[in-house]
Amino acid sequence: MKNLKKFFGFVVALSMTLSLSGVVSTPILAVEENTDQVTEDQTVTETPTEEKKDEADTGEAPVTDEIQGEVVTEQPTTPESDNTEELAETDVAKNLTTGATYELLDTAVEEATEGDTIELLKDADLTKGFNKTLTFTGNGKITTNKQLTSNGEGWMCFGLYDSSRELTLDGAGLTWEWKSEVGTAPWLMLSLSGKLNITNGATLSMTVDSGSTGSRNAIYMNAGSEINVTNGGHFNIFGYSTDGKEGQGLQLDKTGQAKVNVTGGSTFLIDGTNRGYVNSPEIYVDNSQFTVQNCTANASNGGVFTATNYAVVKYLNNAGHGLSASRVNLSNYTNFESDNNGYYGVYASADLQVDGTSTLKVTRNSYNGDFAGLKLTSGVTDGHVQDGAVVTITNNYCSGLSNNGNIKFDDNVNLTIVDNVNDKGNTSNGGGIYNSGNAANLILPQNALIYNNSAKTAGDDIYNGNGAKLQISQPSIGNILTRDGDDTNEDQAITNWFYDGANPSYSGKMKNGETARWNQYKYVKTFTMPEAGENVTGNIGLKAAYAPVTTFTPIDLTMYVGGEGYENVDKVEDNDTSNGFPEPGYYVTLPKEINNAIQSNGQPVDLSEETNNFSFEYTYNYNNGEELRHWKMTKYTDADGSESTKDGNYVYSLALADGRKPTLRVIDDAGNIQTNANFDLTNAVNKVYTTMVGSVEGGSFTSGEINESKSLTANVQTDTIDVDFDRTVIATGKLYVRGVVNVTDENLITSIQKDGTDPKAGVPMATVPEGTNFYINGEEGLEVQKNADPSLLYDDILPEGTDANNDRRIGWLTEKAEQLCNQYGLLEQAGITNPQYSFKYMDIVDQNNGNVVLKADKNVTVYMPYPEGVDKDTSIIVLHYKDLNRDMTYDDVQSAIMNCEMEKMTVTQLDDHIEFETTSFSPFVVIWGTDEAGEIVKNKDRADTGLFQNAPLYIALMTACASLVAIITIKRRIDAK
C-alpha cells in the first residue's frame, strides 16, 4: 500500500511539473499599460490607459442573505469524525474533518485533503503554498512573511485553472496577514483560478511592498476566478513604495472574466498600490463598503461596476483615474464618492445609471492632466439619472462633466456643477460642462445649479460643440457669482445665461476686437432660452452670470412741503404744482470698462444728447400696442453753466423728443403711489419716500402689463465700442420730506438777495455775497439749475403733540436754552430777568423746485424780524440749535434737542431786524427779559457784544487769562522779596 501511495504521489507531482513547464498555460504576469490619454474632443469607446478588451454581460448579480445591513452569519459546522485527538499545548491547528492536530500550520495544510476544514487554534505561520479546496476557521492570525513556494515558481497558484476550487476564510476570529518578500522574484503573491471567499467577519490583508527592486502584484485573477467578501468579511490590499513601478492590487487576464463581490456589510480596500485593479473585472457591491485609494497610478481600469442597497463606494487620492468602467450602476441608496484623483473621477464608456435614491459626488479630480470630473463617452447610448438623485460635481481641475454620449437628468435631479476650472491645454472649453460630438445629447434638470465655473477659452459654465445637442433651463438665478475668467469680479446675484465665447451668431464690437466673452465690465449678449424640450445646437459657450448694468438712479432729495414743484408726478393729469415735488435729476452709472473706454482724462463721461454717443430707449406697451421711445438727456447746469455731478457722474434731466418728461414715482413705505393731488401734508412730515423714474404716462417699467414700459436698453456708440445693454436698471432714490407750519403765510418763504439789499419792515430776509453757489442737499458738485430760486424758509416750531405722552418740543427747547444760559451766566451778563423766548425755524430752499433743501458755500446774512414788543433798545440773546432739522421722528425729538450743539450768535440790532451771519440753519431762539409787571425791559446798554459767540471757547480763554494773571502776580512777589 505504501508503495502504491508513493506511486500516485509521483504521478501528481509530475503532472504539476508538466503544467508549470508549458503543458498548461501559466498566468500572464506583466501587462504593458497603454498610456495614451483621452482628450476632450475624442470619441472614446473603451476605458482609458488600458488596451482594448471584450466585455461580457454576466447577467444578474449574486444573491445574498442580507437585507439592508443585517448580516446573517453562518457558523462553520464541524464534521463528525471518530479520529479526534487530544489537544496539546503546542498544537496550532486542527483538521476538523479528520480530527488530527498539528504543531505546524504548514503540516496541517500539507496533510489536508480536498475539501477539508482547518481550525486555527492560535497564531501561526504559513510558509508553503497549496492548491486544494480548504476552509480555514478558528481564532488567531495566520502570518505569511515571504513567498509561498510550494509550486516551485515563487508564488502560490490556487486552482491551476480549475475554477471549482475554493479557498475560504470563515469567522470573525480569523485573520490572515500575507506580506510580500521585498527584493525576491517573481513579482506575484497569488495566482487565483478558483474562488477566494472571506466571510462571517474573517479578514485577509495582503501587503505589496515593491521596495527598490521593481513592481509587484498582489493577486492575478484568471478567467472564471472570483473574490467573494461576504457577511461582514474584510479584504485588504496595501501597497508600499509603488510610485513609478508597475504592479497592482488585482490584475485580471485579458478576457476580463473575473468577479469581485462584496456583500452583506463587508469591506473591500485597496490602498497605496501602483494600480488598484486592471483589465475589466465585474464588481458588485451590496450593503458594503468598497474603497480604492492612494494608488500611485490608476485606481481602476474597465469592467462593470454595480453598487446597491446602501453601498458606500469611495475612490480617493489616486494619482490616475478614480472609477474607470464600461458600465456604472448605482441604486437603492448607494453613496458614491470620487475625490482628488489625478485623472477622471468617474469614467463610463457604455452606460451610467443612477436611481432616485442614490448620491454621486465627484470632486477635486483631474489635477494631473486634461480630463474631467465625470466623463461619458459616445458609447453611453441611454444614460439616465432619475428624479431624486443627488449629483455633485465641484472643484474639478478641468471640465466638471464631459459628455460625448446620450444622458438624461430628470427634472427633479439635484444637480450641482460649481467651481470647476478648465485651464488645461491651448484650447480649454467648458469649465462646468463640455458637451461635444455628433452622438452627444445632454438633457439637464430644470433647477440645476451650474455656476462659478471657469474655462480659459470659451464657455465658463457650458460649452456645446458642433453636432451636439443640449437641453437646459433657467440659470441659477439669485445665486452669487464669485468667479469669472480672471477671478476678479465682484460678488453679484446671477440673473441669466449669457454668451461666453464661441458665438458666431453675435458680432458685437469691443475694444481690440474682443467679442462675446463674459466679463463684469464688458458687454455680453443675453442667451435666449429655447422652448421646453428644444435643443441648443451649434458652437456655443454660456455662462450663468449678470449683465454689466447701466443704471439710472434718481438723486436723493430733501424737501419742505408747499413749494412749486415738478409738474409731472406719476400721473400727467396731476397739474396742481402748488404742493409739488422737486424735479428729479438722474445720474447714470456705466459698466467700468465701457466707462473707461469713453472717458476723457478721468472726467465724468458726458452722456448728453449733444455728444451723440449714448441713447436710452424703451418700448411702451399701450393697450397691447408697442411704441419705441427715446429719452433725451440734458445735463443739470446752473446760471453760469456749471455742471452738477453725483458720485463722479453728471446729473441729467430726461425728456422725450417732444419735450414730455418722465414721471417721478413717489412711493410710501406701504407701497402706495403719492401724487401732487393725493399727497397728505400732515402725514408726510418727517417721512422718507422711495423715488424712481416712470414713463411719461405714469407707468412703471414692469414688463408684461398694459400701459407699462418695458425692454429698457442703453446704447453706447464710439469708434471702438458699439453695444446695447440688455440689462438697464432703474434704481431708486430717497425723498426726505420736512413739514412746515405756516404753509399759507406769504412771509414763509422769501427769495435770497444779494448783499447790500435792505430788508422790508416785518419781513424776514437773507442775503449772500456775489458768487455764492447753492448745492442741492448741501452736496458739493450737485448745483442748482439755472432757473433756481434760492429762498429763506422762515417758519414757526412744529406744534407739540396733544397727547400727554407725545413730544413737548417747546418745553425741551426752552430747557436746553436755560441750561446754556445758566452754565455760562448769559442772562446776568445781558441783564435779563424773567426770560421770554421766541422760537423760529429757518432753512434755505429752492422754491422753484419743490422747496428742495439747499446749502450755500458762503456765509448767509439773516435779517430776522423782532418778536412782538421787542425792538432795537431791548437787551436780547440769540441762540442757534445746530443741526436740529426736521428729519427726526417724534420718538427722537427729546433726545435730539437735549444733545444738540448750540451756538450764541453775534447780532446787530437794526431798526426793524436782528442781523447775524450763519453757515447752517435749524431752530433759532430770541431771548429777552421782562419786569415784575410783565413789561419788556429796555436794557440796550447790556446787549450782547459778541463775546459769547462760542461760549465754551470764551470760558476757556478767560480761564487761561486768569491763570496767566495769577502767574505774573506770583512772580512779582517773588522778585520783590
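Treat the numbers as computed from the prediction; the structure is a model and nothing was measured. The first residue of the sequence shown is numbered 1, and numbering continues consecutively from there.
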Pairwise distance [atom1]([X]) to [atom2]([Y]) - rounded to 0.5 angstrom:
X	Y	atom1	atom2	result
Phe409	Asp387	CZ	CG	12.5 Å
Ile417	Ile433	CD1	CD1	4.0 Å
Ser280	Gln257	OG	CD	11.0 Å
Asn396	Asn365	CG	CG	5.0 Å
Ile494	Gln474	CD1	CD	11.0 Å
Asn464	Leu470	CG	CG	5.0 Å

Taking [X] for the side chain and [Y] for the main chain, is one N or O donor matched with an acceptor at less than 3.5 Å?
X	Y	value
Asp500	Ile462	no
Ser288	Val312	no
Asn447	Asn414	no
Asn406	Thr381	yes
Asn341	Gly320	no
Ser324	Asn301	no
Asn318	Ala299	no
Gln353	Asp382	yes
Asn298	Arg275	no

**Prompt:** Can you say whether the rings of Phe290 and Phe268 are parallel (under 30°), tilted (30 to 60°) or perpendicular (over 60°)?
**Reply:** parallel

**Asked** Taking the six-membered ring for Trp, are Tyr333 and Tyr310 parallel (under 30°), tilted (30 to 60°) or perpendicular (over 60°)?
**Response** parallel

Is it true that [Y] and [X] share a donor-acceptor pair across their side chains at a distance under 3.5 Å?
X	Y	value
Asn453	Asp461	yes
Asp423	Tyr397	no
Ser331	Thr308	yes
Asp355	Thr357	yes
Asn404	Lys375	yes

How close do [X] and [Y] get, counting heavy atoms only, and between which atoms?
X	Y	result
Val385	Ile407	CG2-CD1, 4.3 Å
Ser428	Ala455	O-CB, 3.6 Å
Ser476	Ala448	OG-O, 3.4 Å
Phe371	Gly342	CD1-O, 4.3 Å
Ser473	Pro445	OG-O, 3.4 Å
Val313	Ala307	CG2-CB, 3.9 Å

**Item:** With Tyr463, the side-chain contact (heavy atoms from CB on, under 4.5 Å) member among Asn435, Asn539, Thr457
**Value:** Asn539

**Prompt:** Testing Thr306, Thr263, Asn309 for side-chain hydrogen bond (donor to acceptor under 3.5 Å, both in side chains) with Asp286, which one passes?
**Reply:** Asn309

**Request:** Give the C-alpha distance, both sets of side-chain angles, the deciding distance and a yes or no for side-chain contact (heavy atoms from CB on, under 4.5 Å) between Tyr367 and Asn340.
**Result:** CA-CA 8 Å; Tyr367 60 81; Asn340 200 39; 3.7 Å; yes

**Request:** List the steps, then state whether side-chain contact (heavy atoms from CB on, under 4.5 Å) holds for Ile450 with Trp497.
**Result:** CA-CA 10 Å; Ile450 306 173; Trp497 288 114; 4.1 Å; yes

Counting C-beta onward and ignoring hydrogens, is there a side-chain heavy-atom pair between [X] and [Y] closer than 4.5 Å?
X	Y	value
Asp339	Lys314	no
Asn441	Asn535	yes
Met529	Ile472	yes
Leu442	Leu401	yes
Thr377	Tyr347	yes
Val418	Asn479	no
Asp351	Asn329	no
Val346	Phe336	yes

**Message:** Around atom NZ of Lys456, are there more than 12 heavy atoms from other residues, nucleotides or ligands closer than 6.0 Å?
**Reply:** yes

**Item:** Cationic N near anionic O, under 4.0 Å, Asp370 to Lys424
**Value:** no

**Prompt:** Can Glu337 and Leu316 be said to form a side-chain contact (heavy atoms from CB on, under 4.5 Å), step by step?
**Reply:** CA-CA 8 Å; Glu337 179 181 6; Leu316 309 175; 4.2 Å; yes

**Prompt:** Yes or no on side-chain contact (heavy atoms from CB on, under 4.5 Å) for Val304 and Ser326, after CA distance, side-chain angles and deciding distance?
**Reply:** CA-CA 6 Å; Val304 177; Ser326 60; 3.9 Å; yes

